[in-house]
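In what follows, a structure is listed as structure tokens, so that the remarks can point back to it.
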Amino acid sequence: MVAIKIPNSVRLVTDRLKNLPLPFSYKSLLSIVALFLLNRRGISDCVRTVGFSMSVSTISNAINVFPKGRLLRRIRRKIIKKILSAENNDRFIFVLDDTSNPKSGKKIFGVSYWGDGKGVFKGQRILCLAVVDLITKKSYPIDFMISEKSQDVSMLDQSIELLKNALEEGFPKLTVVTDSWFSSIDLIARIRALGCHYCGEIKKNRKVKQNPNRYTKWTNINDSFKGKKREKVKTKWDNPRIQNGKRKRKTIATSYCQLKKSKSIYKLIAVYNRRNNKLAFAYYLSTDKAISGARIWMLSRARWAIECIFRTCKQNLVFGKLSCKSKKASNLAIEMPFYLYSSIVINPQDFGGNEKESVDKILSRIQASCSEDTLRLAIGGQKPELLKSLRIRLDARRASSKPLVSTAASI
């Protein structure tokens with residue numbers, strides 16, 4: 001949809017960033033913010049559909065000189081103040097994860113062949129660090145890195161670098177929660193060396209033993225839970241149907257084990273769908289042996305918040321979709337969506353939302369209001385029936401249906 005009028009949200013974000021020492025004009029910054037916030041597919045699409053946008057070459061030049069880290073630095077300062085002002089730091093956790101950004105083309109920064117749980121893909125591999133509030137269920141992306149195959153630095157080294165940078169900037173030593181890909185003994189030991197506890201899922205093929213004696217044989221992880229007492233758990237991060245009692249709660253068993261290639265004893269839980277299941281569907285580990293098994297399960301569920309960040313940014317904020325080849329442009333294509341996402345989570349009222357609304361819903365309203373304003377300006381407000389007809393035809397719920405007014409009006 002063509003955008004003629006500058007939305008208030010675009011103007012708001014641009015005004016907040018205009019005091020940055022940027023080597024380009026205010027109008028160029030306005031165009032960049034509109035590109036991401038209005039979810040345009042690329043620079044050319046933004047120039048074609050956004051009436052107040054600068055030219056393709058002007059936007060490209062501005063994107064290629066945008067300094068990395070200036071946006072998320074402001075977000076980190078706000079999050080640090082929020083954490084330090086809270087009575088209990090245990091309500092916050094670090095969540096570490098990576099996501100794929102498929103791309104093709106020559107000489108694009110960070111593009112290579114990578115492997116993930118779904119196979120091999122060509123594109124960028126992006127490592128992200130986020131903070132999750134366990135009470136309000138809000139999540140804030142605070143830092144990221146784009147991996148490079150040419151460097152002699154592994155993904156685990158980059159993970160530790162992100163955590164070090166966060167701690168040096170003033171974040172307290174929060175528990176780090178990950179998925180099973182980050183559950184290596186080396187990474188866990190390095191996280192503990194930073195003073196942070198680790199919690200995350202581990203793979204089912206890990207070998208463990210409950211007695212650290214060197215003569216004790218290593219066994220399958222499932223065997224260490226035989227005969228252990230099982231209890232039902234429920235957290236506010238569970239499926240709403242579980243919380244409302246419409247579905248059965250999960251069952252967990254707790255054990256203390258030593259992992260192979262490690263000298264430390266960890267607290268492990270096995271999670272079962274039913275109390276009498278022989279095999280668990282997942283196993284989780286924590287270096288903090290004082291916390292309960294129910295909290296370990298809650299932290300593992302809270303980790304999913306970072307996946308929701310990736311989904312929203314990819315669907316509604318043009319996450320990583322710019323075709324620019326430089327490192328600064330690639331970084332901006334990740335940093336700007338993260339900055340906009342966190343800005344909406346911190347102050348949803350500034351974007352016409354409220355605390356109970358999701359970021360996706362607020363973004364949909366911003367983009368829909370842009371289309372509404374354009375329609376009103378295009379027909380001059382003189383034909384309300386035509387405005388109603390066009391509005392109905394643009395309804396997203398009819399994306400796969402014929403644009404018939406008589407049928408659409410029944411929505």
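Fair warning: this is a prediction, and the values are worked out from it, not measured in the lab.
- Closest heavy-atom contact between Gly352 and Glu357: O-OE1, 4.3 Å.
- Heavy-atom minimum distance, Arg70 versus Pro21: NH1-CG, 3.1 Å.
- When all heavy atoms of Ser343 and Ile75 are compared, the pair lying nearest together is OG-CD1, 4.0 Å.
- For Trp181 against Leu156, the heavy-atom pair with the smallest separation is CZ3-CD2, 4.1 Å.
- Residues Pro212 and Ile265 approach most closely at CB-CD1, 4.4 Å, considering heavy atoms.
- Listed by first then second residue, pairs satisfying salt bridge (charged side-chain N to carboxylate O under 4.0 Å, His left out) with a partner in residues 297-312 read Asp97-Arg303, Arg303-Glu307, Arg311-Asp360, not counting sequence neighbours.
- Listed for the Asn88 side chain is a donor-acceptor partner under 3.5 Å among the backbone atoms of Asp90.
- The side-chain heavy atoms of Cys196 and Leu163, taken from C-beta on, include no pair separated by under 4.5 Å.
- Side-chain contact check for Ile221 versus Lys207: every heavy-atom pair is 4.5 Å or farther apart.
- Here the side chains of Lys68 and Lys327 are not in contact, with every heavy-atom distance at 4.5 Å or above.
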*Walk me through it: do Asp288 and Thr175 pass the test side-chain contact (heavy atoms from CB on, under 4.5 Å)?*
CA-CA 9 Å; Asp288 186 1; Thr175 300; 5.8 Å; no

*Checking side-chain contact (heavy atoms from CB on, under 4.5 Å) for the pair Lys328/Phe109: CA distance, chi angles, key distance, verdict?*
CA-CA 9 Å; Lys328 286 186 177 180; Phe109 176 74; over 6 Å; no

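- Put simply, the side chain of Lys103 gets close to the backbone of Leu322: a donor and an acceptor are under 3.5 Å apart.
- The closest donor-acceptor contact from the side chain of Asn277 to the backbone of Ala280 lies at 3.5 Å or more, if one exists at all.
- Applying the ring pair (Phe, Tyr, Trp, His ring centres under 6.0 Å) definition to pairs two or more places apart or across chains, those involving residues 285-322 are Tyr284-Trp297, Phe319-Phe338.
- Side-chain atoms of Arg230 come within 3.5 Å of backbone atoms of Arg275 as a donor-acceptor pair (strictly under, hydrogens ignored).
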*Should Leu129 and Val95 be marked as a side-chain contact (heavy atoms from CB on, under 4.5 Å) after you check the CA-CA gap, both sets of side-chain angles, and the distance that decides it?*
CA-CA 6 Å; Leu129 180 66; Val95 179; over 6 Å; no

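- Under a cut-off of 6.0 angstrom, the local environment of NZ in Lys173 is sparse, with at most 12 non-hydrogen atoms contributed by other residues, nucleotides or ligands.
- Counting heavy atoms of neighbouring residues, nucleotides and ligands inside a 6.0 Å radius, atom CZ of Arg41 does not exceed 12 of them.
- The distance from atom SG of Cys128 to atom CD1 of Ile309, rounded to the nearest 0.5 Å, is 6.0 Å.
- Of the N and O atoms on the side chains of Tyr341 and Asn316, not one donor lies less than 3.5 Å from an acceptor on the other residue.
- Looking only at atom types and distance, the side chain of Glu201 has no donor-acceptor partner in the side chain of Ser300 under 3.5 Å away.
- For the atom pair Leu37 CG and Leu363 CG, the distance stands at 6.5 Å (nearest 0.5 Å).
- The salt bridge (charged side-chain N to carboxylate O under 4.0 Å, His left out) contacts involving residues 342-354 comprise Arg16-Asp350, where partners must be two or more places apart or lie in separate chains.
- Atom OG1 in Thr136 sits 5.5 Å away from atom CZ in Arg91 (nearest 0.5 Å).
- Judged by distance alone, with hydrogens and angles left aside, the side-chain atoms of Glu335 form a donor-acceptor pair with the main-chain N or O of Leu71 at under 3.5 Å.
- Every pair passing salt bridge (charged side-chain N to carboxylate O under 4.0 Å, His left out) that includes a residue from residues 178-189 is listed here, sequence neighbours excluded: Asp186-Arg190.
- By the neighbour-count criterion of 12 heavy atoms within 6.0 Å, atom NZ of Lys314 is densely surrounded, having more than that number from other residues, nucleotides or ligands.
- At a threshold of 4.5 Å between non-hydrogen side-chain atoms, the residues Val345 and Ser342 do not count as touching.
- Here the straight-line distance linking atom OG of Ser264 with atom CD of Gln258 works out to 8.0 Å at 0.5 Å rounding.
- When the side chain to side chain contact (heavy atoms under 4.5 Å, CB included) test is applied to Asn8, no partner is found at least two apart in sequence or on another chain.
- Without hydrogens or angle criteria, Asp133 side chain to Ile135 main chain gives a donor-acceptor distance under 3.5 Å.
- Listed by chain and number, the residues in a side chain to side chain donor-acceptor pair (under 3.5 Å) with Glu231 amount to none (sequence neighbours excluded).
- Residues Ile185 and Arg206 come closest through the heavy atom pair CD1-NH2, 3.5 Å.
- Between Phe182 and Met155 there is a side-chain heavy-atom pair separated by less than 4.5 Å.
- Pairs passing the ring pair (Phe, Tyr, Trp, His ring centres under 6.0 Å) check and including a residue from residues 25-55, sequence neighbours excluded, do not occur.
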For residues 77-85, please give each side-chain donor-acceptor pair under 3.5 Å, one per line with the distance, not counting sequence neighbours.
unit_1	atom_1	unit_2	atom_2	d
Ser85	OG	Lys81	O	2.9
Ser85	OG	Lys82	O	3.0

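- For Lys137, the NZ atom is densely surrounded, since the number of other residues' heavy atoms within 6.0 Å is greater than 12.
- Counting heavy atoms from C-beta on, the side chains of Leu285 and Ile188 come closer than 4.5 Å.
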*Under the side-chain contact (heavy atoms from CB on, under 4.5 Å) rule, what do Val233 and Asp238 come out as? Steps first, then yes or no, please.*
CA-CA 10 Å; Val233 293; Asp238 284 326; 5.7 Å; no

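- Interatomic distance, Leu174 CG to Leu167 CG, rounded to the nearest 0.5 Å: 8.0 Å.
- Interatomic distance, CG of Leu317 versus CG of Leu35, reported as 11.0 Å (0.5 Å rounding).
- With hydrogens and angles ignored, the 3.5 Å screen pairs a side-chain donor or acceptor of Lys267 with a backbone N or O of Ile291.
- Residues forming a side chain to side chain donor-acceptor pair (under 3.5 Å) with Ser55 (at least two apart in sequence, or on another chain): Ser57, Thr58.
- Qualifying side chain to side chain donor-acceptor pair (under 3.5 Å) partners for Lys138, counting only residues two or more places apart in sequence or in other chains: Glu355.
- In summary, the side chains of Tyr198 and Thr178 do present a donor paired with an acceptor at a separation below 3.5 Å, with no hydrogens or angles considered.
- Remark: the backbone N or O of Thr219 is not paired with any side-chain donor or acceptor of Asp223 at under 3.5 angstrom.
- Enclosure of atom NZ in Lys248 is not indicated, since only 12 or fewer non-hydrogen atoms of other residues, nucleotides or ligands lie within 6.0 angstrom.
- For residues 234-282, the set of pairs meeting the ring pair (Phe, Tyr, Trp, His ring centres under 6.0 Å) definition, not counting sequence neighbours, is empty.
- Contacts classified as ring pair (Phe, Tyr, Trp, His ring centres under 6.0 Å) and involving residues 81-104 (residues at least two apart or in different chains) are given here: Phe94-Phe171.
- Counting only distance, with no hydrogens or angles, the side chain of Asn211 and the backbone of Thr216 share no donor-acceptor pair below 3.5 Å.
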_Evaluation steps, side-chain hydrogen bond (donor to acceptor under 3.5 Å, both in side chains), between Ser183 and Ser180_ = CA-CA 5 Å; Ser183 62; Ser180 60; 5.6 Å; no

